[in-house]
Every structure is written in C-alpha cells, then in structure tokens.
Amino acid sequence: MKTAFVKYHGLGNDFIVVDLRAAADDLRAAVQTPAFVTAVCDRQFGVGGDGVLAILPPTSSGSVARMRVLNSDGSEAEMCGNGIRCVARYLREEAGVTANPMAIDTGAGLLTCDVTTVADGAVMVSVDMGRPRWLRGEVPVAGPSADVADNLVVDVAGLPPSTTFAAVSMGNPHAIAFVASRAQAMELAQRVGPAIETHPMFPARTNVEFAHVRGAQALDLVVWERGCGITLACGTGACATAVAACRAGLTAPGLPIAVHLPGGTLQILVEADYSRVTMTGPAQRVARGTLEVADILASRRPG
C-alpha cells in the first residue's frame with residue numbers, strides 16, 4: 001500500500017501530512033496506526049517528524065476537512081496549532097481548496113484559517129483558535145472541576161522554590177510557569193518537562209511551558225510537548241502562554257503578543273474579553289513524495 005505525503009514545518013515543528021480523504025479503508029487505517037506513525041516519524045529510520053497530520057473527510061457542515069494529529073510516539077493530540085497552519089496551506093496549494101477563510105474540523109472543534117501570501121513570498125496562516133479555558137475540569141487538572149487552575153504547585157524534584165503553574169486548555173492541556181530567563185526556560189523544560197507531563201495532577205497528561213517575560217507584549221517560550229518532547233515551536237502552547245500571561249497581568253489582552261520560540265516567532269492576539277485567541281505564523285513546505293507502508297514498517301527501529 002502506498003500513499004503520497006507532503007512534509008511541512010511551522011517554525012521548525014515538522015509534520016508528515018497525508019491526505020486520506022479519498023483513501024481506501026485499509027490504507028486509511030494502516031497510516032494511522034501507532035506502529036506506522038512512530039516508524040515514519042523516526043529521524044534515523046524513517047522520514048522524520050514531530051508527528052503525522054492525517055487529513056480526513058469533514059464531519060461538520062461547512063468544513064473542508066478533518067485534521068487528526070498523531071504524535072511521534074503514536075499517541076493522539078486533540079489539536080496542534082502549527083499543524084493546522086500546515087494543513088491549511090496544504091489544502092489551499094495542493095488540494096485546490098479556494099475558501100478563505102477555510103473551516104477545518106479538529107479534536108478541539110471547528111476552527112477557521114485564513115491563508116495569506118505576504119510580500120516576501122512567505123505563506124502566513126491566521127487561525128481562530130477559539131476560547132481559552134482555565135477551569136480544572138476543562139483543562140483537565142485533578143481537583144474540584146469548577147475551580148480555576150491557577151497557582152498550581154506540582155511536586156516534581158528540581159523545580160525552583162515557589163514555582164507555580166497556570167493550566168490553560170486551547171483544546172489540549174497546557175501547564176505554564178514563568179521563569180527568570182530564556183536559558184532557564186530551556187534548562188527546566190529539558191530537565192523536568194517529562195515528569196510534569198505525566199504527573200498525576202494532569203489526568204490526560206499535559207504540554208509543559210516555561211516562559212520568560214521579555215517585554216510588555218513579548219514572551220520567550222520553551223515547550224515540552226506531550227508525546228513529542230522539546231519542540232522548536234508549539235502553536236497551542238504559545239496561545240495558552242499568552243492567555244496565562246494576560247491573566248497574570250504580565251502582558252495585556254487586546255494587543256498583539258510576540259511569542260518567541262526556538263524556531264521563530266508567533267503573533268498571538270488574546271481578545272480583551274478572552275472570547276477567543278488568534279494565532280498567526282508561517283507554514284513552510286519542505287518536500288513531497290510517496291510512502292510505502294510495508295517499507296516504513298520494515299525499517300522500524302530495533303526494540
């Protein structure tokens with residue numbers, strides 16, 4: 001069984017995009033198995049990527065497609081901000097979708113994307129990411145479901161004294177802490193990110209963000225991504241961190257916030273009433289080709 005693919009990245013967060021809307025049932029099933037996903041995402045034994053983005057038939061009226069996000073460890077994420085920008089560019093340029101904005105079904109609901117080519121030829125995508133949520137039951141976080149998930153103390157060795165987290169959902173869970181420097185953000189994400197991701201406080205696991213306030217409307221951010229590890233960028237993480245910064249009085253809603261990640265910068269706008277968050281950033285095509293399912297599975301990493 002063979003399928004075409006296109007590889008994209010959003011600020012270095014890279015994905016193998018597979019359009020399965022017209023695929024036979026056996027191919028559609030095979031490409032979405034954890035065994036195939038982990039094998040094809042392996043950077044030595046496969047194509048390499050932070051995940052597979054499966055494009056499936058739409059499930060909502062007015063939607064052009066459904067996006068399924070499969071992490072490099074074979075698990076599924078509800079949503080991926082960098083991923084949806086890549087899918088929107090694919091649908092515009094490779095699949096001939098002319099609607100702009102276009103609506104895409106995700107695990108976080110129906111989201112709209114506006115694809116624009118800017119002066120230097122780069123393709124930028126703005127995504128209405130919907131309403132942020134910060135109640136424990138919405139994120140989710142263990143404890144009373146109606147309580148706000150702020151000032152969380154996570155019992156993990158190696159955190160600086162008095163470190164607290166704010167939990168925010170952008171359709172997927174995030175735990176955000178503000179630290180003294182970008183260097184400290186990277187060091188902590190690498191060292192304690194795995195333990196926080198799987199901490200019992202977060203029943204669905206969590207993405208982990210360490211952020212440094214660079215200025216009034218600017219943040220430095222490093223993300224330990226659930227199911228992937230350190231990534232160069234995380235769109236939902238940038239949105240969740242901007243929301244947490246606004247709610248903590250570190251930045252202001254209603255104005256653009258520049259979120260600087262290791263792979264580049266995303267522009268995030270948190271509405272003044274927190275009714276929605278808009279993310280704007282690039283999506284870059286890298287390569288296209290054909291995947292042979294049997295070959296990918298045969299080349300899996302030993303063990």
Side-chain angles (χ1 to χ4, degrees), residues 3-23 27-28 31-32 36-37 40-41 47-72 75-117 122-130 170-172 207 225 227-228 231-239 263-264 266 277-289 291:
T3 184
F5 78 95
V6 185
K7 186 170 181 179
Y8 289 86
H9 75 83
L11 299 180
N13 192 192
D14 58 339
F15 307 96
I16 300 159
V17 177
V18 183
D19 190 345
L20 301 173
R21 290 176 296 168
L27 176 61
R28 186 180 292 176
V31 170
Q32 297 179 80
F36 180 84
V37 171
V40 77
C41 288
V47 174
D50 289 323
V52 170
L53 303 175
I55 302 178
L56 300 166
T59 55
S60 301
S61 175
S63 171
V64 299
R66 176 166 74 95
M67 177 184 75
R68 189 174 184 218
V69 182
L70 301 167
N71 295 320
S72 59
S75 63
E76 182 173 2
E78 303 90 339
M79 174 53 190
C80 176
N82 289 317
I84 197 170
R85 298 200 315 276
C86 294
V87 167
R89 178 170 183 179
Y90 170 89
L91 290 169
R92 169 58 54 78
E93 296 182 349
E94 307 285 338
V97 173
T98 58
N100 203 34
M102 68 178 73
I104 299 173
D105 288 308
T106 75
L110 186 66
L111 302 181
T112 57
C113 305
D114 195 329
V115 183
T116 305
T117 301
V123 175
M124 303 293 287
V125 183
S126 292
V127 185
D128 180 349
M129 299 288 285
M170 293 302 310
N172 58 348
N207 299 284
E225 191 165 338
C228 296
T231 52
L232 293 178
C234 178
T236 55
C239 293
L266 291 171
V277 180
T278 303
M279 170 193 64
T280 302
Q284 179 64 50
R285 185 176 57 238
V286 176
R288 58 168 58 89
L291 296 171

Of the non-hydrogen atoms in [X] and [Y], which two are nearest, and what is the gap between them?
X	Y	value
Ser75	Gly227	OG-CA, 4.1 Å
Ala233	Gly10	CB-O, 3.7 Å
Cys41	Ser72	CB-CB, 3.8 Å
Gly237	Cys234	N-SG, 3.2 Å
Ser63	Leu110	CB-CD1, 3.7 Å
Val37	Val31	CG2-O, 3.7 Å

Once rounded to the nearest 0.5 Å, what's the spacing between atom [atom1] of [X] and atom [atom2] of [Y]?
X	Y	atom1	atom2	answer
Met279	Leu111	CE	CG	9.0 Å
Tyr90	Asp19	OH	CG	3.5 Å
Leu266	Leu11	CG	CG	5.0 Å
Leu56	Arg28	CG	CZ	6.0 Å
Met129	Thr106	CE	OG1	8.5 Å

With a 3.5 Å distance limit and no angle check, can you tell me whether [X] reaches the backbone of [Y] through a side-chain donor-acceptor pair?
X	Y	value
Lys7	Gly48	yes
Arg85	Met124	no
Arg92	Val97	yes
Arg89	Val123	no
Asp114	Thr116	no
Asn172	Met79	yes

With a 4.5 Å heavy-atom cut-off, do [X] and [Y] have their side chains touching?
X	Y	answer
Asn82	Thr231	no
Phe36	Leu70	no
Arg66	Pro57	no

Criterion side chain to side chain contact (heavy atoms under 4.5 Å, CB included) against Glu225, the qualifying member of Thr236, Leu232, Asn13, Asp50: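 When side chain to side chain contact (heavy atoms under 4.5 Å, CB included) is applied between Glu225 and each of Thr236, Leu232, Asn13, Asp50, only Asn13 qualifies.
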Residue that, paired with Leu91, satisfies side chain to side chain contact (heavy atoms under 4.5 Å, CB included) out of Thr98, Val115, Val64, Val17: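 So, applying the side chain to side chain contact (heavy atoms under 4.5 Å, CB included) to Leu91 and each of Thr98, Val115, Val64, Val17, only Val64 qualifies.
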Trace of the side chain to side chain contact (heavy atoms under 4.5 Å, CB included) decision for Asp14 with Val286: CA-CA 9 Å; Asp14 58 339; Val286 176; over 6 Å; no
Criterion side chain to side chain contact (heavy atoms under 4.5 Å, CB included) on Cys113 and Val127, from CA distance to verdict: CA-CA 4 Å; Cys113 305; Val127 185; 4.0 Å; yes
Candidate pair Val87 and Phe15, rule side chain to side chain contact (heavy atoms under 4.5 Å, CB included), full reasoning: CA-CA 10 Å; Val87 167; Phe15 307 96; over 6 Å; no
Any donor-acceptor N or O pair under 3.5 Å, side chains Thr59, Asp105: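 Per modelled atom types, Thr59 and Asp105 side chains form a pair under 3.5 Å.
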Intermediate values then yes/no, side chain to side chain contact (heavy atoms under 4.5 Å, CB included), Tyr8 and Leu53: CA-CA 10 Å; Tyr8 289 86; Leu53 303 175; over 6 Å; no
